[in-house]
Amino acid sequence: MILHELISYDILRLLWWGLLGVLLIAFAVTDGFDLGAAALLPLAARTDVERRVVINSLGPVWEGNQVWLILGGGAIFAAWPQLYAVSFSGFYLAMFAALVALILRPVAFKFRSKREEPAWRARWDAVLCMAGVVPALIFGVALGNVLQGVPFRLAPDMRIYYEGTFFGLLNPFALLAGLVSLCMLLMHGASWLVFKTEGDVAARARRFGMVAAVATTVLFAAAGVWLAALNGYRITSEINTTGPSNPLFKTAALQAGAWFANYQARPVLWAVPAIGLLMPLLAALGLWLRREWLALLSSGLGIAGIIASVGASMFPFILPSSLNPQHSLTVWDSSSSHVTLFIMLVCALIFVPLIVAYTSWVYSVLRGKVDPMAIIEGRGHSY
């Protein structure tokens, strides 16, 4: 027996759908507090020393956190090439804006304290804040558009035609999804600052974090109610889980409330959005009670629940087409080959645990709160 046949094609497709979700959640939970804390920089920190405290809580870990974004993008490219082609071409300008913000972030970290001029530092502080707000909004807006369907179609030769515009992405539901994303990362960033800082910075972060946590639950609930009124997608033909990767071999249709069909078929799945609704409230409680671990853990679980609820709602769709439902991409008809998915799985089983182990070691070494006096006195390698 050929080695890759030890795991059937349908199981590999399902595994990579799950692994992609894990990578995206890992990015949102780890790099999410970087983005959220940077977005809170002008609110939580008012003096130069306070802002350096915030920056030094993020500086040593942000690069490692962003590895998950690279892994997620690589997984989409290799495991779901059609998804990569449609999303990164259709959302090109939006993705470009997010990438510009993410590229400017390390520049701001490195150059912000090179000069002592207040105007110089204020400009880089604004860049850091922008680099936190813009990706948080754009990623949420993108997810909101995916839930509504993306305006693309496939030619018989599998050539992809995208017929949307940048401003078409900025529709009301997508903007609501963007606000959910921004609020949940502000909550997570505030929880991180409470966990890593003391004094006035932690006190301000606590206040803003509680507001953001409650707003996350309210906006997520509103988005769920709105989603129930939107048309979802369902496959109307027989599903071939081991068939060729050709979306045109199926038929699909729009149906009111279809995004909630999986929950009706498997009620246990309601636990996923319930986590997304309740954990932010628990994070707010943890912030109010000054339970740092509770707040940070609950905010991370809330992010995981919110993102996972999208996958649970859409399965097996991964990118619906609003122009022609038949052209929608699903788990079963848009993946790479059996051999490719197997080789990738072997690589993931080797390298992902190494990344987790290394990241855990880094956080262990850097545990503890940021000391303002060490920054003032120039001890260590502070930003």
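Considering all non-hydrogen atoms of both residues, A131 and A101 come closest at CB-O, 3.3 Å. Between C183 and L219, the closest heavy-atom pair is SG-CD1, 3.7 Å. Of all heavy-atom pairs between L137 and L179, the closest is CD2-N, 4.2 Å. Heavy atoms only, all atoms of each residue included: A39 and V133 are closest at CB-CG2, 3.6 Å.
Applying the salt bridge (charged side-chain N to carboxylate O under 4.0 Å, His left out) definition to pairs two or more places apart or across chains, those involving residues 156-178 are R153-E163, D157-R159. The list of ring pair (Phe, Tyr, Trp, His ring centres under 6.0 Å) pairs with a residue in residues 127-163, not counting sequence neighbours, reads F27-F139. Sequence neighbours left out, not one pair with a member in residues 140-150 passes salt bridge (charged side-chain N to carboxylate O under 4.0 Å, His left out). Evaluation of the side chain to side chain donor-acceptor pair (under 3.5 Å) test over residues 340-360, restricted to residues two or more places apart or in two chains, returns S337-T340.
When the side chains of ILVMFWY residues are joined at heavy-atom separations under 4.5 Å, either directly or via intervening members, W16 and F315 end up in a single hydrophobic cluster. Under a hydrophobic clustering in which Ile, Leu, Val, Met, Phe, Trp and Tyr are joined whenever their side-chain heavy atoms come within less than 4.5 Å, directly or via other members, W270 and V225 fall into different clusters. M210 and V201 fall into different hydrophobic clusters, where Ile, Leu, Val, Met, Phe, Trp and Tyr side chains are chained together by heavy-atom contacts under 4.5 Å. V194 and V370 end up in different hydrophobic clusters when Ile, Leu, Val, Met, Phe, Trp and Tyr side chains are linked at under 4.5 Å. Using a 4.5 Å cut-off between side-chain heavy atoms of Ile, Leu, Val, Met, Phe, Trp and Tyr, with links allowed through other members, W332 and L83 fall into the same hydrophobic cluster.
Residues H327 and S321 have side chains that never bring a donor and an acceptor to within less than 3.5 angstrom of each other. At a cut-off of 3.5 Å, with distance as the only test, no side-chain donor of N231 or Q255 sits close to an acceptor on the other residue.
Counting non-hydrogen atoms of other residues, nucleotides and ligands closer than 6.0 Å to CZ of F88 gives a total above 12. Environment of CZ in R46: sparse, with no more than 12 heavy atoms of neighbouring residues, nucleotides or ligands closer than 6.0 Å.
Side-chain atoms of S336 never come within 3.5 Å of backbone atoms of L341 as a donor-acceptor pair (strictly under, hydrogens ignored). Although no hydrogens or angles enter the test, the distance criterion places a donor-acceptor pair under 3.5 Å between the side chain of T216 and the main chain of M184. Looking at K250, its side chain does come within 3.5 Å of a backbone N or O of P247 through a donor-acceptor pair. In this structure, the side chain of S334 does not engage the main chain of Q82 through any donor-acceptor pair within 3.5 Å. Judged purely by atom type and a 3.5 angstrom limit, R121 has no side-chain atom pairing as donor or acceptor with the backbone of P118. In this structure, the side chain of H338 engages the main chain of I7 through a donor-acceptor pair within 3.5 Å. Between the side chain of T217 and the backbone N or O of V214, no donor-acceptor pair lies under 3.5 Å. Under a 3.5 Å cut-off, the side chain of D10 and the backbone N or O of T241 do not form any donor-acceptor pair. Distance alone, capped at 3.5 Å, places no donor-acceptor pair between the Q326 side chain and the T251 backbone.
Salt bridge annotation for R112-D48: present, with a cationic side-chain nitrogen under 4.0 angstrom from a carboxylate oxygen.
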Verdict with supporting geometry, D333 and R13, salt bridge (charged side-chain N to carboxylate O under 4.0 Å, His left out): CA-CA 9 Å; D333 60 20; R13 284 169 160 170; over 6 Å; no
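With W259 as the fixed residue, the ring-ring contact (aromatic ring centres under 6.0 Å, His included) test singles out one of F173, Y233, W226: Y233.
Between W120 and F111, the gap from one ring centroid to the other reaches at least 6.0 Å.
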Per-pair distances, 0.1 Å, donor-acceptor, side chain in residues 271-296, under 3.5 Å, sequence neighbours excluded:
residue, atom, partner, partner atom, Å
R291, NH1, L289, O, 3.1
E292, OE1, K369, NZ, 3.4
E292, OE2, K369, NZ, 3.0

Under 3.5 Å donor-acceptor pairs involving side-chain atoms of residues 62-78, not counting sequence neighbours:
residue, atom, partner, partner atom, Å
N65, OD1, Y363, OH, 2.6
N65, ND2, T30, O, 3.4
N65, ND2, D34, OD2, 3.0
N65, ND2, V61, O, 3.3
N65, ND2, Y363, OH, 3.2
Q66, OE1, R105, NH2, 2.3

